[in-house]
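Okay, structure first, notes after.
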Amino acid sequence: MRLPGDLFSFLGLAPRFALEPSELDRRQRELYVERQAEGSRAIEKVNEAVRSLKDPAIRAEQLFKLRGWPTRGPADPILLERIYTDREFIDQARKKGDQAGLLAWMDAALPRQRNLLDLLTLLLDGPAATIYPTDSAARRPSDALGELSDAGRALLLLEELRYFSRAVDAARAAIDALEDAKPETFA
Amino acid sequence: MYSKNVLDHTDNPRNVGTLDGNDPNVGTGLVGSPACGDVMRLQIKVSEGGVIEAARFKTFGCGSAIAASSLATEWIQGRSLDEAAQIQNTAIAEELNLPPVKLHCSVLAEDAIRLAIEDYRKKQTVPRPTPGGNTK
């Protein structure tokens, strides 16, 4: 299914990053009524567009495109190293059945992910404000970060969000798998 | 959905593992796919004669990415660095019969080979400590 390039205008929504899933659900229900006469193809497109925009990385990408900012860049080696370390830890913990280790990783990870989302909200929705360096950016020389444009900073955040979200997914899947493997207990 | 070759390399990936990154004869390539968040690490151990005697990989990603890196390690073992550097992503994609949406996995594998070779070559230009430790 080919979706239109601008999902916000397709759904009749103001382009913004801080968009709650409940807002998208509400708009989806409105569009079911508004576009009912157009048939099932139109409804499928609405569903697909809503599903896409619920993904923060896709939402950010859409907003980048509206601004003419690049959505792909050369990978940051420091970020890749860190993500690789995270993924390897999750993989090992899953194999060892270290559920406590996975839960501890997750406890530390969720604020990190929240922080990335907050920073992107600030950069994409707010007035161009001071932006805190991300973990990976913090290790760069500060003057180099200062020279980065908003687009450059935003791209670093987006890349980190993409990789990091996948690591969180992997950890969640590992926790679920270990949970399922536990012997049943009867109360 | 996936071809037989992909399934074979996904279910029985060859050469999964790690080589000692501190070994001067080992080159490491770490690459990622920002589109899907996959990360792939490919390492090579090069003999005195410039031949890749061992290749190992670890990939955190989809089946196609695992298959592409598994196949890549299989292909480069026993080849010279120059031969390995010539491996094209299209050949990997063709061998695995990757669908268009998974072509980027083969690109990732090609990049990983290239970076591992670059890393090895960079290490060779750094003077090694000489046994005996006599410096001028």
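Convention: sequence-line order gives letters A, B, ...; per-chain numbering from 1. A quick note: this is a predicted structure, and the numbers were derived from the prediction, not measured.
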Can you hop from [X] to [Y] via hydrophobic side chains spaced under 4.5 Å?
{"X": "B:V51", "Y": "B:V26", "answer": "no"}
{"X": "A:L117", "Y": "A:L158", "answer": "yes"}
{"X": "B:V46", "Y": "B:I117", "answer": "yes"}
{"X": "B:L19", "Y": "B:L81", "answer": "no"}
{"X": "A:I58", "Y": "A:L157", "answer": "no"}

If you measure from [atom1] on [X] to [atom2] on [Y], what distance do you get to the nearest 0.5 Å?
{"X": "A:I83", "Y": "B:D38", "atom1": "CD1", "atom2": "CG", "answer": "12.0 Å"}
{"X": "A:D91", "Y": "B:K58", "atom1": "CG", "atom2": "NZ", "answer": "6.5 Å"}
{"X": "A:R87", "Y": "B:T59", "atom1": "CZ", "atom2": "OG1", "answer": "10.0 Å"}

**Message:** Starting from B:M40 and following side-chain heavy-atom contacts under 4.5 Å between hydrophobic residues (I, L, V, M, F, W, Y), which residues can be reached?
**Reply:**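 B:V31, B:L108, B:L115, which link up through side-chain heavy atoms under 4.5 Å apart, make up the rest of the cluster.
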**Asked** Side-chain contact, heavy-atom cut-off 4.5 Å: B:F60 with A:R166?
**Response**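 B:F60 does not reach A:R166 side chain to side chain.
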**Request:** Could you list which of residues 21-46 of chain A have a heavy atom closer than 4.5 Å to any heavy atom of chain B, in residue-number order?
**Result:** none
**Prompt:** For A:E88, is it the side chain, the backbone, both or neither that has a heavy atom under 4.5 Å from a heavy atom of chain B?
**Reply:** both
**Prompt:** So what's closer than 4.5 Å to chain B heavy atoms on A:R72: side chain, backbone, both or neither?
**Reply:**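 The answer is the side chain of A:R72.
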